[in-house]
Amino acid sequence: MKKIKMTTPLVEMDGDEMTRILWRMIKDELLLPFVELNTEYYDLGLVERERTKDKVTYDSAYATQKYGVAVKCATITPNKQRVEEYNLSEMWKSPNGTIRAILDGTVFRAPILIDSIKPVVRNWTKPITIARHAYGDVYKAVEYRVPSKGKAELLFTGEDGSEFRETIYDFECGGVLQGQYNKDSSIESFARSCFQYAIDTKQDLWFATKDTISKKYDQTFKLTFQDIFNNEYKAKFDELGITYFYTLIDDAVARVIRSEGGYIWACKNYDGDVMSDMVSTAFGSLAMMTSVLVSPDGKYEYEAAHGTVTRHYYRYLKGEETSTNPIATIFAWSGALRKRGELDRLPDLVDFAEKLEAACIDTLNDGIMTKDLVGLVSEGVSATAVNSSAFIKAIRERLEKKLA
Ligand code: NAP
Ligand code: MG
């Protein structure tokens, strides 16, 4: 069989631990035999980040800006224990944080659905994609405990020395106090990434805040979205027959539960943190969640939502077989290859991505799965747990048939 050709390089970001092992297996079994992979390779494994003083992470993000599409393996975010384990000269920052800051992007997370695993919410028949504004608000807040009686004020000093001052509360006893912020530029990028991704995936976009209570802060989010939509995206939405829908966050939660899914739900930072865990748990497993970072100017970085699966890796190092689920990592590759194919007008590459995903779904629907999923299947479905390499081989058999 002739291998499928690529024109523009795909930025490949390798990673750590068990997902690094899966990365190799996926490339060897499911990609290299079929595609003349044209990637620009960056090793974001912790050893290489240490060796390059994290330069490799920055370089990979700049390459993504240049070429437009990247695929990333899960990576370790160092903590104190990792600094010792890897003998690090510094506690390097989270690669995802670095890449997100450079691309100024928003993360979209969507579950992969299969027939034999029913969402906890019965009427969810289509995926719900969560878009989380991963900047500012309570995550960058200043806060302290108020020790006793006294007055708290909010003071802003302009560059020209002008002052706004408002009393927050006249404390008659001790309490707590918090100051949070966001930036117009960040809210605008968030809005543009959401509208862009809704157009890409031809799905409706929902957005919700608490603007009835937060009349300046959340109101700014609401108005920014509405202005950018009216001025830049409305025509394209109308043409595609998709809608932008704004509502209050509590109303959104009620509607989401009653919905059948099939839309993007954009959330402020805290709402996104909480709601994405609720939605992903209700759909099934972290190992079945995909994730894509989309920048406001249309650059894409695809990855799995889960981490490096450290517990499995330590077993792997002891020579044990592990049943780690590679699906979300495979879908990161298929997502990136499909996007590369669309941008470069390579129908064969798009077709390959479709068939790779279909082969994964077929394998699961045939009852061949990794351990994490077997416990989740509906009553009456027979499923067998296999290890990662047997699972990937079963996908390959089905993929070969589809490509033949
Ligand atoms: P994790 O790697 O997502 O794994 C947590 C647990 O979830 C695993 O122990 C496993 O449960 C289950 N799991 C996750 N993915 C699975 C898969 N593909 N197949 C089967 N089971 C899966 O999270 P973590 O253990 O908290 O973090 C490990 C490392 O990953 C950390 O160093 C963290 O910094 C990093 N991390 C990276 C990213 C990223 O690069 N995007 C995201 C999150 C975390 P059982 O052990 O019960 O089987
Ligand atoms: Mg969280």
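We use all heavy atoms of the structure for the numbers below, so side chains are in, but hydrogens, waters and symmetry mates are not. Numbering of ligands and ligand atoms starts at 1, following listing order. All residue numbers in this chain count up from 1 along the given sequence.
- Using a 30° and 60° split on the angle between ring planes, F34 and F352 fall in the tilted class, from 30° to 60°.
- Relative orientation of the Y313 and Y316 rings is parallel, given thresholds of 30° and 60° on the angle between their planes.
- In terms of protein heavy-atom proximity, atom 29 (C) of ligand 1 is nearest to T308 OG1, 3.0 Å.
- Taking all atoms of both residues into account, the shortest heavy-atom contact from T7 to N38 is O-ND2, 3.1 Å.
- In terms of protein heavy-atom proximity, atom 47 (O) of ligand 1 is nearest to R311 NH2, 2.8 Å.
- In terms of polar-atom proximity, G307 is counted as a contact of ligand 1, with an N or O under 3.5 Å from an N or O of the ligand.
- Looking at T329, T77, L286 and measuring to atom 33 (C) of ligand 1, the nearest heavy atom belongs to T77.
- Between the side chain of E303 and the backbone N or O of V292 there is no donor-acceptor pair closer than 3.5 Å.
- Between E50 and K53 there is a salt bridge, with a side-chain nitrogen of the basic residue lying less than 4.0 Å from a carboxylate oxygen of the acidic one.
- Using a cutoff of 4.0 Å between basic side-chain nitrogens and carboxylate oxygens, K402 and E400 are not scored as salt-bridged.
- The distance criterion of under 3.5 Å between nitrogen or oxygen atoms is not met by E17 with respect to ligand 1.
- At a 3.5 angstrom cut-off on N or O pairs, T310 does not count as close to ligand 1.
- With a 4.0 Å heavy-atom cut-off, ligand 1 is reached by no atom of D16.
- Tested against F108, the residues Y197, W265, F190 include a single ring-ring contact (aromatic ring centres under 6.0 Å, His included) partner, Y197.
- For ligand 1, the atoms lying closer than 4.0 Å to a non-hydrogen atom of N96 are 39 (C), 40 (O), 41 (N).
- Between K55 and D59 a salt bridge is recorded (basic side-chain N to carboxylate O distance below 4.0 Å).
- A salt bridge does not link D211 to K215: none of the charged nitrogens lies less than 4.0 Å from a carboxylate oxygen.
- Side-chain polar atoms of R132 and N269 form a donor-acceptor pair below 3.5 angstrom.
- Atoms of ligand 1 lying under 4.0 Å from any heavy atom of A287, numbered from 1 in the order shown and given with element: 16 (C), 17 (C), 18 (N), 19 (N).
- At a 3.5 angstrom cut-off on N or O pairs, S323 does not count as close to ligand 1.
- For the pair H312 and ligand 1, the shortest N or O to N or O distance falls below 3.5 Å.
- Of all protein heavy atoms, the one closest to atom 31 (C) of ligand 1 is R82 NH2, 3.9 Å.
- With respect to atom 19 (N) of ligand 1, the closest heavy atom belonging to the protein is N325 N, 2.9 Å.
- For ligand 1, the atoms closer than 4.0 angstrom to any heavy atom of E303 are 41 (N).
- Between K339 and D344 there is no salt bridge, since none of the side-chain N atoms of the basic residue sits less than 4.0 Å from a carboxylate O of the acidic one.
- Taking a distance limit of 4.0 Å, we find that atom 17 (C) of ligand 1 is approached by some protein heavy atom.
- For the 3.5 Å distance criterion, the side chains of Y217 and D137 qualify, holding a donor opposite an acceptor.
- Residue-level proximity to ligand 1 for H306 is carried by backbone and side chain together, each with a heavy atom below 4.0 angstrom.
- The distance criterion of under 3.5 Å between nitrogen or oxygen atoms is not met by R315 with respect to ligand 1.
- Each of the atoms 40 (O) of ligand 1 lies under 4.0 Å from some heavy atom of A74.
- Short contacts between ligand 1 and K72, defined as distances under 4.0 Å to a heavy atom of the residue, involve ligand atoms 40 (O).
- Under the 4.0 Å criterion applied to side-chain N and carboxylate O atoms, E36 and K5 are assigned as salt-bridge partners.
- Residue-to-ligand polar distances place V309 within reach of ligand 1: an N/O pair is separated by less than 3.5 Å.
- Atom 1 (P) of ligand 1 is flagged as protein-proximal [any protein heavy atom, distance under 4.0 Å].
- Here's the thing with T324: none of its N/O atoms is less than 3.5 angstrom from an N/O atom of ligand 1.
- The option from L46, T75, L373, L22 that lies nearest to atom 37 (C) of ligand 1, judged by heavy atoms, is T75.
- Salt bridge K401/E397: absent, no basic N to carboxylate O contact under 4.0 Å.
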